[in-house]
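Here is the structure we will look at, set down as structure tokens.
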Amino acid sequence: MDDTTRDHLKTLHTAAIDARNGYQEALEDAEGKGMTPLFRDMVALHQRHADQLGQELTKAGVTPDQDGSFMSTVHKTIMDVRSLFGGLDDSVVPGLIDGEKRNVAAYDDAINGAAQPTSIESLIGDQRAELVKKIAEMEAIKGT
């Protein structure tokens, strides 16, 4: 695996951890109300993506960071504030869509950034497709 592919995988892995952490915070704050099913699905999706990307990084001799970046703190804080002032109902969906679109853009950068082994190309293509599908589901919730 070349350095460019490894860097893209690290970026995608960190983004998955950050997103998982934000959705986990939302899930806890929702207390079984509002968008709980969506939050639960997104935690599972991003955890699976992080696990898969982490396996590829490990194969390449890189120890994946399981904590995420500063964005984890930002995502958690946003969910805490939203929960405190307005609840975590469908009004949070536009922000979730925006965040997932940024994640898809990171996948696009990885796909277009360098030639990857077929297995990695397939993995990141599949993960990107799953995010696009979730965005469509969120847009249906939002009513767009």
Side-chain angles (χ1 to χ4, degrees), residues 1 4-60 62 64-144:
M1 175 183 310
T4 302
T5 299
R6 189 173 15 262
D7 289 345
H8 282 297
L9 289 181
K10 284 183 196 177
T11 298
L12 294 174
H13 181 265
T14 300
I17 295 290
D18 290 344
R20 180 211 58 202
N21 290 346
Y23 284 112
Q24 185 65 46
E25 187 69 25
L27 182 60
E28 292 167 12
D29 290 348
E31 299 175 340
K33 301 175 197 153
M35 303 300 297
T36 295
L38 174 64
F39 299 150
R40 190 176 295 119
D41 288 350
M42 296 307 289
V43 167
L45 177 72
H46 285 292
Q47 181 63 56
R48 185 168 41 78
H49 286 182
D51 290 345
Q52 292 168 338
L53 293 164
Q55 288 172 359
E56 292 300 325
L57 287 168
T58 299
K59 286 180 197 175
V62 176
D65 179 3
Q66 297 302 321
D67 296 326
S69 70
F70 175 71
M71 287 307 295
S72 282
T73 303
V74 171
H75 294 320
K76 287 179 181 182
T77 302
I78 290 169
M79 289 304 175
D80 284 344
V81 170
R82 291 293 304 248
S83 174
L84 181 64
F85 289 107
L88 294 173
D89 57 13
D90 59 356
S91 68
V92 302
V93 173
L96 301 178
I97 292 169
D98 288 344
E100 294 305 339
K101 285 182 177 180
R102 283 190 299 276
N103 286 334
V104 167
Y107 278 89
D108 291 341
D109 289 345
I111 290 167
N112 298 321
Q116 298 106 4
T118 305
S119 62
I120 292 175
E121 186 176 312
S122 177
L123 172 66
I124 62 177
D126 290 348
Q127 288 185 354
R128 182 192 183 283
E130 289 177 322
L131 289 176
V132 169
K133 181 179 177 191
K134 282 297 186 184
I135 290 168
E137 291 172 15
M138 288 182 207
E139 287 174 337
I141 291 169
K142 182 181 131 192
T144 58

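Note that this is a predicted model, so its numbers are computed, not measured. Scope of the values below: all heavy atoms of this structure, side chains included, with no hydrogens, waters or symmetry mates.
- Under a 4.0 Å N-O distance rule, the pair Lys59/Glu56 qualifies as a salt bridge.
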Dump the intermediate steps for side-chain contact (heavy atoms from CB on, under 4.5 Å) on Met42 and Leu96, then the final yes or no.
-> CA-CA 10 Å; Met42 296 307 289; Leu96 301 178; over 6 Å; no
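- For the atom pair CG (Leu12) and CG (Asp7), the distance works out to 11.0 Å, reported to the nearest 0.5 Å.
- In this structure, a donor-acceptor pair under 3.5 Å is absent between the side chains of Asn21 and Glu25.
- Of all heavy-atom pairs spanning Pro64 and Thr58, the tightest one is CD-OG1, 3.6 Å.
- For the residue pair Tyr107 and Ile124, the shortest heavy atom distance occurs at CD2-O, 3.4 Å.
- No donor-acceptor pair closer than 3.5 Å links the side chain of Thr14 to the backbone N or O of Thr11.
- To the nearest 0.5 Å, the span separating CD on Gln55 from CG on Leu9 amounts to 12.0 Å.
- The minimum heavy-atom distance linking Gly113 with His8 is given by the pair CA-NE2, 3.9 Å.
- When side chains are defined from C-beta on, Leu53 counts as touching Gln127, because their heavy atoms get closer than 4.5 Å.
- Taking both residues in full, the closest heavy atoms of His13 and Ala50 are given as CD2-O, 3.0 Å, listed atom of the first, atom of the second, then distance.
- A distance of 9.5 Å separates CD1 of Ile135 from CG of Asp98, quoted to the nearest 0.5 Å.
- Looking at Val104 and Val132, their side chains come closer than 4.5 Å, going by heavy atoms from C-beta outward.
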Could you go through the side-chain hydrogen bond (donor to acceptor under 3.5 Å, both in side chains) check for Gln47 and Asp51 one step at a time?
-> CA-CA 6 Å; Gln47 181 63 56; Asp51 290 345; 2.7 Å; yes
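- Between atom CG of residue Leu27 and atom CG of residue Leu38 there is a gap of 10.0 Å, rounded to the nearest 0.5 Å.
- Residues forming a ring pair (Phe, Tyr, Trp, His ring centres under 6.0 Å) with His46 (at least two apart in sequence, or on another chain): Tyr23.
- Closest approach of Arg6 and Leu57 over heavy atoms only: O-CD2, 3.9 Å.
- Within the 4.5 Å cutoff, side-chain heavy atoms of Ile141 are placed close to those of Met35.
- Inter-residue side-chain proximity for Ile17 and Arg20 is flagged as met; some heavy-atom pair is nearer than 4.5 Å.
- The two residues Ile111 and Gly125 make their nearest non-hydrogen contact at CD1-CA, 4.4 Å.
- The side-chain heavy atoms of Asp41 and Glu137, taken from C-beta on, include no pair separated by under 4.5 Å.
- For the residue pair Asn103/Glu100, the side-chain donor-acceptor check at 3.5 Å is satisfied.
- One finds the CZ atom of Arg128 at 15.0 Å from the NZ atom of Lys133 (value rounded to the nearest 0.5 Å).
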